[in-house]
Amino acid sequence: MQNHKKIILFDGVCNLCNSSVLFVIKRDKKDVFRYAALQSEVGQELVNQRHIDRTKVDSIILIEPGVAYYTKSDAALEIAQELGGLWKLSAIFTWIPTSIRNSIYDFVAKNRYKWFGKKESCMIPTPELKAKFLG
């Protein structure tokens, strides 16, 4: 059921973010996630409903409907946990204080366009992947 899926909001024009989404899709064997670009109408609505400050979070948000939402390194680690297998080992990074993890995350996020490039518009999913995207 769509309501119980965890939602990954991502920067739809960021090459690193798009590659990361494709990486997760490929490994999401239990079909846990749905996806939406932060720039999309659905993405903006989900962010606004949760009163998330887009000036502080502009790259990734994980929403667990009716439960919580996660940003930055917490979102990345929660997603990794859902992928199972060796990705469960990423839990070791939760021992690092969030402020330190997010400082590293913010450094990469700040430089993501310079290092990985940027698209003119948001990724358009293939017909096979369309059902995994909201909106």
Side-chain angles (χ1 to χ4, degrees):
M1 182 174 261
Q2 205 71 333
N3 296 353
H4 299 294
K5 301 293 184 185
K6 295 180 181 184
I7 302 164
I8 297 175
L9 299 178
F10 64 100
D11 180 350
V13 298
C14 166
N15 287 335
L16 174 62
C17 302
N18 283 300
S19 296
S20 298
V21 164
L22 293 173
F23 178 90
V24 172
I25 288 171
K26 191 174 183 180
R27 288 158 183 81
D28 182 17
K29 304 297 183 211
K30 294 183 270 173
D31 195 34
V32 172
F33 299 110
R34 290 298 174 262
Y35 310 86
L38 281 163
Q39 296 88 340
S40 71
E41 202 172 296
V42 171
Q44 289 179 21
E45 185 179 320
L46 290 166
V47 166
N48 291 338
Q49 286 171 354
R50 286 155 184 83
H51 308 288
I52 299 169
D53 185 350
R54 282 283 312 274
T55 63
K56 292 186 172 80
V57 183
D58 67 350
S59 55
I60 190 169
I61 300 168
L62 174 65
I63 297 172
E64 202 170 336
V67 179
Y69 71 85
Y70 307 91
T71 61
K72 300 184 180 189
S73 66
D74 287 334
L77 291 173
E78 288 288 327
I79 292 165
Q81 289 301 296
E82 283 293 346
L83 298 180
L86 290 175
W87 293 103
K88 287 264 187 205
L89 296 176
S90 66
I92 198 165
F93 292 109
T94 61
W95 295 351
I96 299 170
T98 304
S99 60
I100 294 171
R101 283 189 280 121
N102 280 345
S103 292
I104 295 166
Y105 184 94
D106 288 340
F107 177 73
V108 173
K110 190 175 93 175
N111 292 290
R112 69 187 186 271
Y113 296 143
K114 185 173 23 171
W115 295 342
F116 301 98
K118 184 176 175 179
K119 296 180 184 312
E120 291 297 316
S121 61
C122 292
M123 171 177 73
I124 299 171
T126 63
E128 302 85 51
L129 296 180
K130 197 156 184 57
K132 292 186 176 288
F133 285 79
L134 304 176

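Basis for what follows: all heavy atoms, side chains included, without hydrogens, waters or symmetry-related copies.
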For P65 and I7, the nearest pair of non-hydrogen atoms, with its separation, is CG-CD1, 4.1 Å
Main-chain N/O of C17 paired with D11 side-chain donor or acceptor, under 3.5 Å: no
Looking at CD of Q39 and CG of L9, how far apart are the two atoms once the value is rounded to the nearest 0.5 Å? 10.0 Å
With side chain to side chain contact (heavy atoms under 4.5 Å, CB included) as the test, would you mind laying out the steps for Y70 and L77 before giving the verdict? CA-CA 9 Å; Y70 307 91; L77 291 173; over 6 Å; no
Could you walk me through whether D58 and R112 pass salt bridge (charged side-chain N to carboxylate O under 4.0 Å, His left out), step by step? CA-CA 11 Å; D58 67 350; R112 69 187 186 271; 3.6 Å; yes
In the single-linkage hydrophobic clustering (I, L, V, M, F, W, Y; side-chain heavy atoms under 4.5 Å), do I8 and V108 co-cluster? no
Main-chain N/O of Q44 paired to N48 side chain as donor or acceptor, under 3.5 Å: yes
May I ask you to decide if F107's main-chain N or O and N111's side chain share a donor-acceptor pair within less than 3.5 Å? yes
d(R34 CZ, F133 CZ) to nearest 0.5 Å is 10.0 Å
Same cluster for L16 and Y35 if Ile/Leu/Val/Met/Phe/Trp/Tyr side chains link at under 4.5 Å? no
Exam field: side chain Q81 to backbone K88, donor-acceptor pair closer than 3.5 Å: yes
salt_bridge(D53, R50) N-O dist < 4.0 Å: no
Spatial distance of atom OG1 (T94) from atom CZ (R101) [nearest 0.5 Å]: 6.5 Å
Are V57 and V13 linked, directly or through other ILVMFWY residues, by side chains that come within less than 4.5 angstrom of each other? no
If you count every heavy atom of other residues, nucleotides or ligands that lies below 6.0 Å from L86 atom CG, does the total exceed 12? no
Can you tell me how far CG of L83 sits from CG of D28, rounded to the nearest 0.5 angstrom? 6.5 Å
Of all the heavy-atom pairs spanning S90 and A80, show the shortest one and how long it is. OG-CB, 3.3 Å
Would you say W115 has more than 12 foreign heavy atoms packed within less than 6.0 Å of its CH2? yes
Under 3.5 Å, side chain of K5 to main-chain N/O of D31, donor-acceptor pair present? yes
For the backbone of S73 and the side chain of N102, can you confirm whether one donor and one acceptor N or O come within less than 3.5 Å of each other? yes
Kindly indicate, with the supporting measurements, whether the criterion side chain to side chain contact (heavy atoms under 4.5 Å, CB included) is fulfilled by Y105 and D74. CA-CA 10 Å; Y105 184 94; D74 287 334; over 6 Å; no
Report yes or no: does N18 contribute a side-chain atom to a donor-acceptor pair with the main-chain N or O of G12 at less than 3.5 Å? yes
Determine, using the 4.5 Å side-chain heavy-atom cutoff (strictly less than), whether Y113 and I104 are members of one ILVMFWY cluster. no
For the residue pair R27 and F23, would you count it as a cation-pi contact if the rule is NZ or CZ under 6.0 angstrom from the ring centre and within 45 degrees of the ring axis? yes
To the closest 0.5 Å, what do you measure between CD1 (I63) and CG (L134)? 9.0 Å
Closest approach of S59 to A109 (non-hydrogen atoms, all atoms of both residues): OG-CB, 4.1 Å
Are F93 and I79 connected, step by step, through hydrophobic side chains (Ile, Leu, Val, Met, Phe, Trp, Tyr) whose heavy atoms are closer than 4.5 Å? no
Heavy atoms only: give me the nearest S103-S99 pair and the separation to one decimal. OG-O, 2.8 Å
Between R54 and L38, what is the shortest heavy-atom contact and its length? NH1-O, 3.5 Å
